[in-house]
Amino acid sequence: MPTLEQTTTETPYPTGLPADVLDVLIVGAGFSGLGMAIKLLESGTKSFLVIEKADDIGGTWYVNQYPGCACDIPSHLYSFSFDRNPNWSRMYSGRDEIQRYLKSCAQRFGVNQYIRVNTSMQTAVWDDAAAHWRVTTGDGATIRARVLISAVGALHVPMFPEIPGMEKFAGPAFHSTWWDSSVPLEGKRVAVIGTGASAIQFVPEIAPKVSKLSVFQRTPPWIVPKTDFAIPERWQKRFRRLPIFTWLLRTGLFWMYEIRVWGFLGKVEALRNRGEKMAVEHLAAQVPDPKLRARLTPNYRFGCKRVLISNDFYPAIQRPNVEFVTDAIREIREHSIVTQDGAERPVDVLIYATGFRATEPLHDTRVVGRNGLDIHQAWKERISAYLGVTVSGFPNFFILLGPNTGLGHNSVVLMSEAQIGYVMDCLRLMRKRGSKTMEVKPATQQRFVEELRKRLAGTVWESGGCRSWYQDAKTGESPVIWPGSVVRYKRKTRAVAERDYVLSNGAPFTAK
Ligand code: N01
């Protein structure tokens with residue numbers, strides 16, 4: 001296998017879809033989909049395909065192209081454990097470097113030939129008699145596969161607010177995840193709605209360019225300092241020569257992040273207090289004006305919303321050409337935004353940094369399981385999946401980064417890898433038993449959801465006094481976050497328990 005440095009940056013993906021029934025179809029070529037493809041290929045499976053709706057691979061790290069986009073988890077931890085990269089240039093790499101890493105992984109592990117870009121999944125319908133999935137793509141083609149794996153990610157469908165008059169705005173307007181680089185910001189009056197993870201990254205980038213920037217905050221985030229630095233070449237050399245060093249660094253980082261969960265779970269109050277203190281001191285050090293500080297001080301517990309890291313957001317909003325607005329928005333007009341106090345601010349370009357529809361996975365696709373059951377019907381009350389991976393009524397269907405497997409404290413790649421291992425174990429079990437289908441028992445899934453509910457109660461995500469994208473706006477439940485440590489999740493997914501599933505060789509299901 002070529003090393004990371006030897007890989008080229010451009011690799012074309014083939015076109016054309018197979019007529020035969022595939023063993024596995026993976027939807028999405030981000031971290032999870034690529035990791036799954038690599039592990040399938042390593043196991044000797046060649047009858048699989050990865051379809052990706054975008055025109056290149058990388059998932060969130062390809063799609064998000066806003067200025068300053070970077071990961072808020074150190075790269076040595078936010079990467080595959082089986083493909084540690086000695087060459088990360090920074091502690092927290094930018095979007096371009098992460099995408100390059102993913103492309104090089106795909107190339108080096110030989111999965112490019114299994115990827116079809118510009119190919120979206122529109123519908124997936126389970127055919128009980130044939131025991132396979134029939135997937136219709138965006139351009140009307142059909143792919144048949146015995147096993148369907150959704151690796152579409154949780155944070156890619158933009159959430160737009162409902163503000164009166166939005167549709168009347170006459171200037172360019174776009175969401176941060178669909179950054180429109182054809183719109184020049186230089187010398188323009190720009191408004192940004194939202195102060196979450198995306199906004200705090202691009203606001204410092206665009207502030208020096210625009211003539212006037214109005215940043216509209218609804219709820220202040222907790223922000224801690226970002227310990228970012230360029231990784232010296234001599235370290236990188238050492239990492240290349242002795243891979244044990246990347247393992248040591250990764251392991252150290254893992255525990256540094258993992259330990260935070262005890263604060264968020266409400267088990268070690270001192271950890272949460274320590275985080276809060278760090279954020280308050282950071283705010284005090286960067287914002288001398290007590291009135292502005294008060295507007296930037298959260299009134300909910302540390303960790304309830306995702307904790308953000310930044311050294312340049314507070315300085316950016318104190319620039320003379322930036323106005324930091326905390327009055328609620330009343331209305332958007334053709335060329336302005338009006339707040340509740342009646343103030344009207346002229347705006348040339350409007351940027352929504354208002355997050356994602358994280359509690360509505362697969363919202364733009366139809367996945368129909370046994371007996372015509374639509375997944376959105378199955379998820380009417382609450383999105384759920386056993387271990388976040390399998391859903392009763394949907395045989396041979398697996399989800400990566402599915403319900404309740406998001407993290408507020410550590411690298412989500414770790415969760416994804418645990419799930420990939422679990423799916424591989426499921427496939428092995430099916431093969432061993434000669435089963436055509438595998439479906440989680442409804443009681444198993446229900447028990448898991450009850451356990452989640454119990455574990456979520458008392459955590460900062462449910463009782464921290466905030467509203468966040470971890471929660472379902474209608475029910476107030478938290479169907480996104482994993483209420484536990486990564487270690488606990490890995491333990492639960494280490495091996496598939498046959499008693500949790502109904503395995504069948506094609507006969508009608510009688511799962512209870
Ligand atoms: O979205 P968010 P994001 N009027 O939901 C505000 C990942 N990510 O795209 O807090 C006014 O955090 C909303 O206000 P409030 C990461 O997991 C990672 O920034 O709801 N404001 C909030 O301020 C992250 O957590 C990285 O009161 C409105 C903002 O919009 C997740 O994606 C980078 C509003 C939304 O913030 C989401 O981040 C980027 C309204 N009507 C993203 N509606 C990194 O790894 C919403 N808001 C660095």
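Just so you know, these numbers come straight off a predicted model, no measurement behind them. We count ligands from 1, going down the list as the structure has it; atoms in each ligand are counted the same way. Heads up: numbering here begins at 1 and tracks the sequence. We use all heavy atoms of the structure for the numbers below, so side chains are in, but hydrogens, waters and symmetry mates are not.
Aromatic pair W61/Y101: centroids not less than 6.0 angstrom apart. Ring to ring, F245 and W235 are not that close: their centroids are 6.0 angstrom or more apart. Aromatic pair F109/F80: ring centres not closer than 6.0 Å.
Nearest protein heavy-atom neighbour of atom 44 (C) of ligand 1: A70 O, 3.3 Å. Counting protein heavy atoms only, atom 1 (O) of ligand 1 is closest to G355 CA, 3.0 Å. Protein heavy atom at the shortest distance from atom 41 (N) of ligand 1 is P161 CB, 3.1 Å. Protein heavy atom closest to atom 47 (N) of ligand 1, with residue, atom name and distance, is T354 CG2, 3.7 Å. Among all non-hydrogen protein atoms, the one lying nearest atom 7 (C) of ligand 1 is L155 CD1, 3.6 Å. Of the protein's heavy atoms, K305 NZ, 2.6 Å lies nearest to atom 10 (O) of ligand 1. Looking from atom 13 (C) of ligand 1 to the surrounding protein, the closest heavy atom is R218 NH2, 4.4 Å. The nearest protein atom to atom 29 (C) of ligand 1, hydrogens excluded, is given as A353 O, 3.2 Å; this is a heavy-atom distance.
The closest side-chain donor-acceptor pair between D55 and Y62 falls under 3.5 angstrom. Of the N and O atoms on the side chains of S89 and E97, at least one donor lies less than 3.5 Å from an acceptor on the other residue. Judged purely by distance below 3.5 Å, without hydrogens or angles, the side chains of Q65 and S181 never pair a donor atom with an acceptor atom. A donor-acceptor pair shorter than 3.5 Å can be found between the side chains of N273 and R301. Residues N410 and E258 bring a donor and an acceptor atom of their side chains to less than 3.5 Å of each other. In the model, E462 has no side-chain atom that pairs as donor or acceptor with a side-chain atom of Y470 under 3.5 Å.
Residue-ligand proximity: Y300 is placed with every non-hydrogen atom at 4.0 Å or more from ligand 1. At least one heavy atom of I193 sits closer than 4.0 Å to an atom of ligand 1. Ligand 1 has at least one atom lying under 4.0 Å from a heavy atom of F356.
Taking only non-hydrogen atoms, the option from A358, P158, G196, S198 nearest to atom 9 (O) of ligand 1 is S198. Considering each of Y92, F160, W469, the one bringing a non-hydrogen atom nearest atom 31 (C) of ligand 1 is W469. Comparing G194, C71, G408 by heavy-atom distance to atom 6 (C) of ligand 1, the nearest is G194.
The aromatic rings of W178 and F160 sit tilted relative to each other, their planes meeting at an angle between 30° and 60°.
Taking the ring axis of F448 as reference, the NZ or CZ atom of K492 does not stay both within 45° of it and closer than 6.0 Å to the ring centre.
Backbone and side-chain nitrogen or oxygen atoms of A197 are examined, and one is located within less than 3.5 angstrom of a nitrogen or oxygen of ligand 1. Taking any N or O of T195, backbone or side chain, at least one lies under 3.5 Å from an N or O belonging to ligand 1. In terms of polar-atom proximity, defined here as any N/O pair under 3.5 Å, D72 does make such a contact with ligand 1. When only interatomic distances are considered, the shortest N/O to N/O separation between T219 and ligand 1 falls below 3.5 Å. Considering backbone and side-chain N/O of Q201, none are found under 3.5 Å from N/O of ligand 1.
P479 and I383 make their closest contact through CB-CG1, 3.4 Å (heavy atoms, listed as atom of the first residue, atom of the second, distance).
Within 6.0 Å of CZ on R366 lie no more than 12 heavy atoms contributed by other residues, nucleotides or ligands.
Residue F202 does not touch ligand 1, judged by heavy-atom distances below 4.0 Å.
Taking every heavy atom of Y66 and a limit of under 4.0 angstrom, the matching atoms of ligand 1 come to 33 (C), 39 (C).
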